[in-house]
Number of protein chains: 2
Amino acid sequence: MHVPIQVDYGVRALIDLAENSLQGDIQASDIAKRQEIPEQFLAQVLHKLNKFGVTTSRRGPNGGHRLAIKPSNITMGYVMRTLGNNTHPVCCLESQSKCNKSAKCTQKNVWSEVEQAVNQILDSTTIEDLIKQN
Amino acid sequence: MHVPIQVDYGVRALIDLAENSLQGDIQASDIAKRQEIPEQFLAQVLHKLNKFGVTTSRRGPNGGHRLAIKPSNITMGYVMRTLGNNTHPVCCLESQSKCNKSAKCTQKNVWSEVEQAVNQILDSTTIEDLIKQN
DNA sequence: AGTATTTATGAGTGCTTTAGTCATAAATAT
DNA sequence: ATATTTATGACTAAAGCACTCATAAATACT
């Protein structure tokens, strides 16, 4: 299993935004410096979070980003679906037509179970949880 | 999450071996045909399973492969560790030294939880389980 | 109005991984 | 001997990942 670096960066950025929420809009360059994330790449990540309604942004001087949702309502599952490349463990979980190699797909159930277990954990863990743990 | 095709092939091969266990050694080419797996690639997979003690093999005419362990004792977890590329979800779970980007690694716990949940399912699911489900 | 600043966004790039082929060696049955 | 089957390393094509680059669009300030 592999967590895309974008998810890692995204989560760290969201935590950074949450912890600095009093200072109004926060610029990508500041987050990038604090979190040691390539700035341009972070801009893309933040833009995605913006498109999916997790953050808002303002352009221009003193522009920046801020959370659009409370940290307690941002789940890891949602961040994962926003920033990850949401592929299923095996292609037979994507659509039945893709699982035509073996008539009876013996593995479908296990991998589906695995997927659900992962989602259950991620959907019940919020950015706030991560902050409180530390 | 992504399951390497080698794991998929390996599991299908093991099920094939289990279901044809009465016929003695089974050749890779036969499994390849039945399961629609590239023959040479399957040979590599079977060889790995052999090296890790899941199967045995005999070379030469009428040679082939057979299970070295009962299907009820072969777990998906073991197959995954044998054939998968066992990377942790995030590098900070591999060694502490790799988690030096942020002083406090806020994500370590979640991903560790996820990893354990996955392993728990895979380690408690056997090849026999997969066969019986169908 | 003009300029500087900041995000928006698509295109391109280099590296790694994945899935597979190819070639050849080693073992064994006949 | 010879044919058959696994063993094993080297090689390869395609895809995915983690970026960088270039440029557009919005906004604040003078």
Side-chain angles (χ1 to χ4, degrees), chain A residues 1-13 17 23-33 35-68 80 83-91 101, chain B residues 1-13 17 23-33 35-68 80 83-91 101:
Chain A
M1 171 158 200
H2 171 74
V3 178
I5 198 75
Q6 292 206 26
V7 173
D8 179 37
Y9 290 170
V11 170
R12 276 154 61 190
L17 285 175
Q23 277 125 70
D25 287 349
I26 293 163
Q27 295 170 11
S29 58
D30 289 339
I31 301 175
K33 263 173 226 147
Q35 304 296 331
E36 299 181 70
I37 298 171
E39 189 175 327
Q40 295 258 37
F41 196 41
L42 178 61
Q44 289 178 27
V45 170
L46 287 167
H47 180 52
K48 276 191 196 175
L49 289 171
N50 191 327
K51 278 203 294 184
F52 281 81
V54 184
T55 58
T56 56
S57 66
R58 261 186 38 247
R59 302 196 241 198
N62 294 316
H65 305 264
R66 69 171 66 188
L67 295 182
M80 193 73 169
L83 300 175
N85 338 289
N86 287 20
T87 54
H88 293 267
V90 287
C91 61
K101 294 217 170 181
Chain B
M1 170 159 200
H2 171 74
V3 177
I5 198 76
Q6 290 206 25
V7 174
D8 179 37
Y9 289 170
V11 170
R12 276 155 58 191
L17 284 175
Q23 278 125 69
D25 286 350
I26 293 164
Q27 297 171 10
S29 58
D30 289 338
I31 301 174
K33 263 173 229 151
Q35 303 296 330
E36 298 181 70
I37 299 171
E39 190 175 328
Q40 295 257 38
F41 196 42
L42 177 62
Q44 288 177 29
V45 171
L46 286 167
H47 181 53
K48 276 190 194 172
L49 289 171
N50 191 329
K51 278 203 294 186
F52 281 81
V54 184
T55 58
T56 57
S57 66
R58 263 186 37 246
R59 299 197 240 199
N62 294 316
H65 305 264
R66 70 172 66 190
L67 296 182
M80 195 72 169
L83 300 176
N85 339 288
N86 289 20
T87 54
H88 293 266
V90 288
C91 61
K101 294 217 169 178

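Quick caveat, the model's predicted, so the values are computed rather than measured. Chain naming here is simple, since letters A, B, ... match the order of the sequence lines and numbering starts at 1 in each.
- Residues meeting the salt bridge (charged side-chain N to carboxylate O under 4.0 Å, His left out) test with A:R59, sequence neighbours left out: none.
- Nucleotide D:dA7 holds its P atom 11 Å from the CG atom of B:L42, rounded to whole Å.
- Looking only at atom types and distance, the side chain of A:T55 has no donor-acceptor partner in the side chain of A:N50 under 3.5 Å away.
- Residues B:R12 and B:I37 meet the side-chain proximity criterion, which asks for heavy atoms closer than 4.5 Å.
- The phosphate of D:dA18 (OP1 or OP2) has no side-chain N or O of A:Y9 nearer than 4.0 angstrom.
- In the set D:dC19, C:dT7, C:dT21, the nucleotide with an atom closest to the side chain of A:Q27 is C:dT7.
- The salt bridge (charged side-chain N to carboxylate O under 4.0 Å, His left out) search around B:D30 returns none, not counting sequence neighbours.
- At whole-Å resolution of the value, CZ in B:F41 and C1' in C:dA23 are 17 Å apart.
- Nearest nucleotide to the side chain of A:H65, out of D:dG9, C:dA8, C:dA19: C:dA8.
- Considering only heavy atoms from C-beta on, B:Q40 stays 4.5 Å or farther from B:Q44 through its side chain.
- Residue side chain A:E39 does not reach the base of D:dT20 through any donor-acceptor N/O pair under 3.5 Å, judged by distance alone.
- Taking only side-chain nitrogens and oxygens, B:H47 never comes nearer than 4.0 Å to OP1 or OP2 of D:dT6.
- Not one side-chain nitrogen or oxygen of A:H2 sits closer than 4.0 Å to the OP1 or OP2 atom of C:dT16.
- Nearest to the side chain of A:I5, among D:dA3, C:dA8, D:dA18, sits D:dA18.
- Listed candidates were D:dC17, C:dT21, D:dA22. Nearest to the side chain of A:Q40 is D:dA22.
- Atom C1' of nucleotide C:dT21 and atom CD1 of B:I37 are separated by 16 Å, given to the nearest angstrom.
- In this structure, the nucleotide among C:dT30, C:dA19, C:dT5 sitting nearest to the side chain of B:N62 is C:dT30.
- Each of A:N85 and B:G64 lies near DNA chain D, and the nucleotide nearest B:G64 is the one positioned closer to the 5' end.
- Taking atom CG on B:D25 and atom P on C:dA29, their separation rounds to 10 Å, with Å as the unit.
- Residue B:P38 has its side chain nearest to C:dG20 when only D:dT4, C:dG20, D:dA18 are considered.
- For the pair B:L83 CG and C:dA19 C1', the interatomic distance rounds to 14 Å; values are reported in whole Å.
- A:N50 has a side-chain polar atom (N or O) that falls below the 4.0 Å cut-off from OP1 or OP2 of C:dA8.
- Separating the CZ atom of A:R12 from the P atom of D:dA18 is a distance of 13 Å, rounded to the nearest angstrom.
- Atoms CD (B:Q44) and C1' (D:dG9) sit 9 Å apart, rounded to a whole Å.
- If you measure from atom CD1 of B:I31 to atom P of D:dT5, you get 13 Å, rounded to the nearest angstrom.
- For the pair B:K48/B:L83, a side-chain contact is recorded, criterion being any heavy-atom separation below 4.5 Å from C-beta on.
- Taken residue by residue, residues 51-60 of chain B places heavy atoms nearer than 4.0 Å to DNA chain C at B:R58, B:R59, B:G60.
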